[in-house]
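Structure record follows, encoded as structure tokens.
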2 protein chains.
Amino acid sequence: VEKFRALSPSEFFYRNREIAGFSNPARALYQTVRELVENALDATDTHHILPDVKVVIKSEGGDGSRTLVNSEGSAEEYEGVLYSVQVEDNGIGLPPQHVPRAFGQLLYSSKYVLRQSRGMFGLGAKMAILYGQITTGRPAEVITSQILSKKIHYFKVSIDIANNTPVIHEFSIMDKNNEWHGTVVKIHLIGDWQRSKQKIYDYLKRTAIIAPYANIYFEDPEGNIVMFRRSTEEMPVPPREVKPHPYGVDIELLKRMLADTSAKTLTEFLVKEFQNVGELTALKILEGAGLKPDLKPSELTLNDITELMRSIKASKIRAPSGRHLSFLGEKLIVLGLRETLKPEFAAAVTRKASVYEGHAFIVEAGIAYGDKVPPSDKPLLLRYANKIPLLYDESADVMRKVVDSIEWNRYGVTLPAPLAVLIHICSTKVPYKGVGKEAVADVPEVEKEIELAVREVARKLKSYLSRKAKEYEEAEK
Amino acid sequence: VEKFRALSPSEFFYRNREIAGFSNPARALYQTVRELVENALDATDTHHILPDVKVVIKSEGGDGSRTLVNSEGSAEEYEGVLYSVQVEDNGIGLPPQHVPRAFGQLLYSSKYVLRQSRGMFGLGAKMAILYGQITTGRPAEVITSQILSKKIHYFKVSIDIANNTPVIHEFSIMDKNNEWHGTVVKIHLIGDWQRSKQKIYDYLKRTAIIAPYANIYFEDPEGNIVMFRRSTEEMPVPPREVKPHPYGVDIELLKRMLADTSAKTLTEFLVKEFQNVGELTALKILEGAGLKPDLKPSELTLNDITELMRSIKASKIRAPSGRHLSFLGEKLIVLGLRETLKPEFAAAVTRKASVYEGHAFIVEAGIAYGDKVPPSDKPLLLRYANKIPLLYDESADVMRKVVDSIEWNRYGVTLPAPLAVLIHICSTKVPYKGVGKEAVADVPEVEKEIELAVREVARKLKSYLSRKAKEYEEAEK
Ligand SMILES: Nc1ncnc2c1ncn2[C@@H]1O[C@H](COP(=O)(O)OP(=O)(O)OP(=O)(O)O)[C@@H](O)[C@H]1O
Ligand SMILES: Nc1ncnc2c1ncn2[C@@H]1O[C@H](COP(=O)(O)OP(=O)(O)OP(=O)(O)O)[C@@H](O)[C@H]1O
Ligand SMILES: [Mg+2]
Ligand SMILES: [Mg+2]
């Protein structure tokens, strides 16, 4: 007899937490750090604030906790130790009424809007808190204060997993007697520093490379302190929120937009609620759907909506521009490559915006060659998506697929060679393969743009190499 | 100003449907077929029923729908056509009161128990229905009758995406005047047959290879009919439900089990609710945790629970046996390889059960070499998990990683070569990388077992090849 059951979102992601990157103590420690750092950067550089981010990982356990996650025959793999991870930022903070759900309810987020940001799923902080809770029984601590607020709010929060609701263990308000604003999040969890140390340092270094305007302070469980000091006060223009593009709609989205709109007529609805739809385009779309321009949005039948969608897809509507996106820029990429890899040659390209399923995206590529770049059989690949360094699942990523498909000898490079490629994709929706945000899926339009970008920087390298070869020949004579 | 918002599970998976395999019309058509076929097989062979599964894909649209999903600059990739997919089985059917939620509410499932099954997430059928609904506006149809029922139930169901609740458009009950039992599911969606045809045929063929006891009838949109006829009435022993193993628990799970148990004492709780815990083991665990054996389960504090978990992890508890699992077996694997690849040599191995995070798993491997096996640079890989053929994301799969890491010349094979490897992993929890069930993650214990299994069949091939080489030399003399 089959036993039917419903799961809450928290029960579902608790049972399948490995899908969100929380597969074992080493990976969980890494994922906790990155989810919190990504939240800290979203709270700062997206809001014109020069980021000051402080990351402290402390070893908290006595020896008693050392065997907490041994399992027979795999004592090696899962030996864990109690740690605390604390991340502090000088960002915009949270309104106190949203803290319980922002940290205690899965699928709760301020990033469900059409704007480029690191976060997108409404899971990150909660998964870290969940993992901490199930391995240590301890709630998380959140301290936050918004810029204009005269108060600092303190919360001790855990998750009621069965119901996907926050549990507040403690709450207090303090008067703010200085200009501080931002958020502090502290989580206790069973981690494995030895096994995740390399990846955590790589993550912070690679974040610092492309955010030279950020101060990142890192204190590790062995007591080492590293400070990535800002080298500039110049910040990229933050990304902007935009309206959906008609090519990105489906029947369900259209239904909902028609129900929610304040527009009085269908024409007004199309112009007001969508990107790149002017009055003329709206009238053409409605004509193609056989719908009256002055019809009330709420009066459309399901049949009308299907016709409207059909007409939209068949109409010529200007593609989204990328002006709302925030890219790195060629100067920043070259600077970052030079600083970290000390190559003989470095170049970069930022492509014009392209689009997939109504979402504008920009691909940027950088190339570094020679001198201190470590030689390797395949080009070293530094992947980024919405300014997040991607360190896992490389073989699943479309960026690796493209870089491996390039015939590098055509560009003057014979593998193995000291060659590194950096690729950054930014969009209102990065097509990740999973909620753990580690690899980008091979959406055809995106794959094509990555290839064009990589070939473009490969050609720059080729020119340099052939110019250098010529000079060498000249010198030989 | 940040706009905070909560999503229902259906809103979340609607917005991120590509993560569940519904990324474009071609992929969606494939995913719809496989999700429904997997449900059909779960409803039959897990319940001692020889499966009769009928799959019919019809092209339903006029030309009007052809341009339904064009987007500028990618008219090629997303040109879609209206199809209907209907899958019928002779399985156990559903109790009518569960049909609305089983097909209209995400995260609703009868497979959230500890038993090997193809389904595990409570998403498959709903994602297909959701995709059909958002691309065509049409609800799905479900007809079902349980074995002992005298009634056949008909439902027209769609999903209220905002609330994650079913919407029943039509419902009727008919008297059953024959012995029929099973389920019929019909979904209309925008698909792309030309681009998914190959994969859909591969999926059905590869399902048939390892289920020679199943009849699978397939009618494609071009009118072609293929019948995979059963070649045996012998069925593998169905998998059984088991209790959790102590090594698989965490504080949260323990909390819940203590709250739900009917056991009167802690000792009774441990013996009754867990696998492989007898009275003696229970007393040792409780002693190690400093807890009285006759304590009431409901009386434990959070501190007690943490101590109990610590003691469990540190105790010697017999690992789960694999007896509740349902593997393919060496005979079946060799037969399947011989039938599909017509090799010169085929061999297989079924490993003893191993365990990861409290879940028992069995790895089986098959190898085929020579004659009609197509030569390739890397060994051809046929992946299976819980009897499901995996066709996408091969480069992300741990099975590909292992096969590529083998130094095949040590086994007498010089690549490129006509070599194929089949790998099957079965478990109460397959460690998939994502909810689309296309690749298996590289859990260390699982990766190790896959390697041992592949090396074992590789050695069998090596003996064959060296024996053959010897005979050749003898013949030469
Ligand atoms: N350090 C922070 N400063 C300000 N707001 C924060 C901070 N951390 C979290 N938040 C708020 O809490 C919300 C939830 O964070 P969470 O990481 O769980 O999800 P997300 O960032 O929206 O998406 P993702 O799952 O992709 O990370 C955020 O959307 C943001 O509004
Ligand atoms: N053909 C069928 N016969 C009998 N029961 C079915 C059938 N199809 C679906 N069900 C029931 O409906 C439930 C939901 O199916 P669904 O495919 O959405 O999820 P699942 O199979 O449990 O998990 P997964 O998301 O991994 O497929 C199943 O658990 C099963 O109980
Ligand atoms: Mg986040
Ligand atoms: Mg299913």
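Naming convention: chains lettered A, B, ... in sequence-line order (proteins, then strands); numbering from 1 in each chain.
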- Query: What pair of heavy atoms forms the shortest contact from A:Met309 to B:Thr135, and how long is it?
  - Reply: CE-O, 4.5 Å
- Task: Measure A:Pro431 against the heavy atoms of chain B and call it side chain, backbone, both or neither at under 4.5 Å.
- Result: neither
- Message: Under a 4.5 Å cutoff for heavy-atom pairs, which residue among B:Leu7, B:Asp397, B:Ile19, B:Val113 has the most contacts with chain A?
- Response: B:Leu7
- Item | Contact origin within B:Ile147 toward chain A - heavy atom pairs under 4.5 Å | neither
- Task: Please round to the nearest 0.5 Å and tell me the distance separating atom OH of A:Tyr112 and atom CZ of B:Arg5.
- Result: 8.5 Å
- Query: In terms of heavy-atom proximity below 4.5 Å to chain A, should B:Ala20 be classed as side chain, backbone, both, or neither?
  - Reply: neither
- Message: Whether A:Arg256 and B:Glu11 form a salt bridge (side-chain N of Lys/Arg under 4.0 Å from carboxylate O of Asp/Glu) is what I want to check.
- Response: yes
- Item | Segment of A:Ala441 engaging chain B (4.5 angstrom heavy-atom cut-off) | neither
- Minimal heavy-atom distance between B:Ser23 and A:Glu357, with the atoms involved, is O-OE2, 3.5 Å
- Query: To the nearest 0.5 Å, what is the distance between OG (A:Ser8) and CG (B:Leu107)?
  - Reply: 8.0 Å
- Task: Please examine the side chains of A:Lys255 and B:Ile161, heavy atoms only from C-beta on, and report whether any two atoms are closer than 4.5 Å.
- Result: no
- Item | Atom pair CE/CZ of B:Met120 and A:Arg15 - distance to nearest 0.5 Å | 8.0 Å
- Task: Determine whether more than 12 heavy atoms belonging to other residues, nucleotides or ligands lie under 6.0 Å from atom CZ of A:Arg138.
- Result: no
- Got a sec, which residues hit ring pair (Phe, Tyr, Trp, His ring centres under 6.0 Å) with B:Tyr392, two or more places apart in sequence or on another chain? B:Tyr30
- Do the charged groups of A:Glu18 and B:Lys429 touch, with an N to O distance under 4.0 Å? yes
- Query: Relative to chain A, which segment of B:Val249 carries a heavy atom at a distance below 4.5 Å: side chain, backbone, both, or neither?
  - Reply: neither
- B:Tyr14 portion near chain A, given a 4.5 angstrom heavy-atom threshold: side chain
- Message: Please classify the contact between B:Leu94 and chain A as side chain, backbone, both or neither, with a heavy-atom cut-off of under 4.5 Å.
- Response: side chain
- Query: Which answer fits B:Ile92, side chain, backbone, both or neither, if we ask what part of it has an atom under 4.5 Å from a heavy atom of chain A?
  - Reply: side chain
- Task: Would you mind telling me which of A:His47, A:Gln146, A:Arg101 has the largest number of heavy-atom pairs within less than 4.5 Å of chain B?
- Result: A:His47
- Query: Which heavy-atom pair separates A:Ile251 from B:Thr136 by the least distance, and what is that distance?
  - Reply: CD1-C, 3.3 Å
- Atom CZ in A:Arg115, atom CD in B:Glu2: separation rounded to 0.5 Å? 4.5 Å
- Query: Where does B:Leu302 contact chain A at under 4.5 Å (heavy atoms): side chain, backbone, both or neither?
  - Reply: side chain
- Which one, B:Gly434, B:Ser109, B:Ala396, leads in non-hydrogen pairs under 4.5 Å with chain A? B:Ser109
- Do NZ/NE/NH1/NH2 and the carboxylate oxygens of A:Glu241 and B:Lys3 come within less than 4.0 Å? yes
- Task: Tell me, for B:His245 versus chain A, whether the close heavy atoms (under 4.5 Å) come from the side chain, the backbone, both or neither.
- Result: neither
- Measure the spacing between OH of B:Tyr131 and CD of A:Glu252 and express it to the nearest 0.5 Å. 13.5 Å
- Query: How would you list, by chain and number, every residue that makes a salt bridge (Lys or Arg N to Asp or Glu O under 4.0 Å) with A:Asp250, sequence neighbours excluded?
  - Reply: B:Arg17
- Query: To the nearest 0.5 Å, how far apart are CG in A:Leu106 and CZ in B:Phe12?
  - Reply: 9.0 Å
